[in-house]
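Nothing fancy with the numbering, it's 1 onward along the sequence. The figures here come from the full heavy-atom set of this structure, side chains too, leaving out hydrogens, waters and symmetry mates. Just so it is clear, the model here is predicted, and its values are computed rather than measured.
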Amino acid sequence: MNPSNRRDFIRMVSMAGLGLELASVLSAQTVPVAHAPFPLKTRVLGPGEKFGLGLIGCGNRSKTHVESVAQVPELELRGFCDLLSLAMAERRDQAKASGARLYADYRQLLEDPAIDAVIIATPNDTHRDPAIAAFDA
């Protein structure tokens, strides 16, 4: 696929990244903990089990992420975080994830045991703190 605009490029990169991460998780090909630059918490998915994702930032840029996740049957959005409850509800509806939890604080989302990984779709200059907290979680 040759992206014709920024939205197509983001969609293409999102799908590629999700595919690579999912392939590594499903095949249990993770970095050995002894060789990791920081402690890793990993788990192997059971048969039919889905990989639970949390979405931090539910504005316009997150639409493409939700579309990409919907194309991978082994992924499931289980939590949404944003300062605006209307934005979270809109993304949850788009993802058809009626049982997903909504959080006003990303730290609470990161404490949810149903969340295996997060997508950070906040404005670029606000990625640092949620990313560091996600690595710590």
Side-chain angles (χ1 to χ4, degrees):
M1 177 181 160
N2 194 8
S4 59
N5 58 41
R6 182 174 183 258
R7 185 173 303 250
D8 288 343
F9 175 76
I10 291 171
R11 182 176 290 121
M12 183 177 71
V13 170
S14 296
M15 284 303 296
L18 284 171
L20 288 172
E21 183 62 28
L22 182 61
S24 123
V25 169
L26 294 177
S27 66
Q29 298 297 320
T30 57
V31 176
V33 175
H35 295 85
F38 49 84
L40 294 176
K41 297 176 187 173
T42 61
R43 69 182 184 93
V44 177
L45 296 176
E49 188 178 2
K50 294 189 177 198
F51 194 72
L53 296 175
L55 178 63
I56 300 174
C58 296
N60 283 334
R61 68 188 62 198
S62 67
K63 287 180 185 178
T64 302
H65 295 295
V66 171
E67 291 169 4
S68 298
V69 168
Q71 295 179 27
V72 183
E74 295 85 2
L75 298 178
E76 180 177 62
L77 280 161
R78 297 181 181 162
F80 296 85
C81 177
D82 200 283
L83 297 175
L84 303 173
S85 57
L86 184 60
M88 286 188 286
E90 186 177 313
R91 271 322 135 249
R92 182 173 60 182
D93 291 346
Q94 177 192 0
K96 298 179 178 83
S98 59
R101 295 184 180 109
L102 304 180
Y103 299 94
D105 187 329
Y106 66 85
R107 291 170 288 235
Q108 292 174 334
L109 179 139
L110 294 172
E111 291 174 3
D112 187 337
I115 305 294
D116 296 308
V118 294
I119 299 168
I120 300 174
T122 60
N124 291 337
D125 62 339
T126 63
H127 285 176
R128 187 193 74 189
D129 291 342
I132 291 170
F135 279 116
D136 287 342

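- When the side chain to side chain contact (heavy atoms under 4.5 Å, CB included) test is applied to D105, the partners found at least two apart in sequence or on another chain are R107, Q108.
- Taking Ile, Leu, Val, Met, Phe, Trp and Tyr as hydrophobic and joining them when side-chain heavy atoms fall under 4.5 Å apart, one finds Y106 in a cluster with I56, Y103, L109, L110, I115, V118, I120.
- Scanning for salt bridge (charged side-chain N to carboxylate O under 4.0 Å, His left out) contacts around R101 gives D112, with sequence neighbours left out.
- By the salt bridge (charged side-chain N to carboxylate O under 4.0 Å, His left out) test, E76 pairs with R78, sequence neighbours left out.
- The hydrophobic cluster of L83 has no other members, since no ILVMFWY side-chain heavy atom comes under 4.5 Å of it.
- Not a single donor-acceptor pair under 3.5 Å links the side chain of D82 to the backbone N or O of A87.
- Within the 3.5 Å criterion, the main-chain N or O of V66 finds no donor-acceptor partner in the side chain of R91.
- V69 is listed as a side-chain neighbour of I119, based on a closest heavy-atom distance under 4.5 Å.
- The distance from atom SG of C58 to atom NE2 of H65, rounded to the nearest 0.5 Å, is 11.0 Å.
- Put simply, CD on E67 and OG on S62 are 9.5 Å apart, with the number rounded to the nearest 0.5 Å.
- Take D129 and apply the salt bridge (charged side-chain N to carboxylate O under 4.0 Å, His left out) test, not counting sequence neighbours, and it matches no residue.
- Note that CZ of R92 and CG of L77 are 12.0 Å apart. Values are rounded to the nearest 0.5 Å.
- Between A100 and G79 the shortest heavy-atom distance is CB-N, 4.1 Å.
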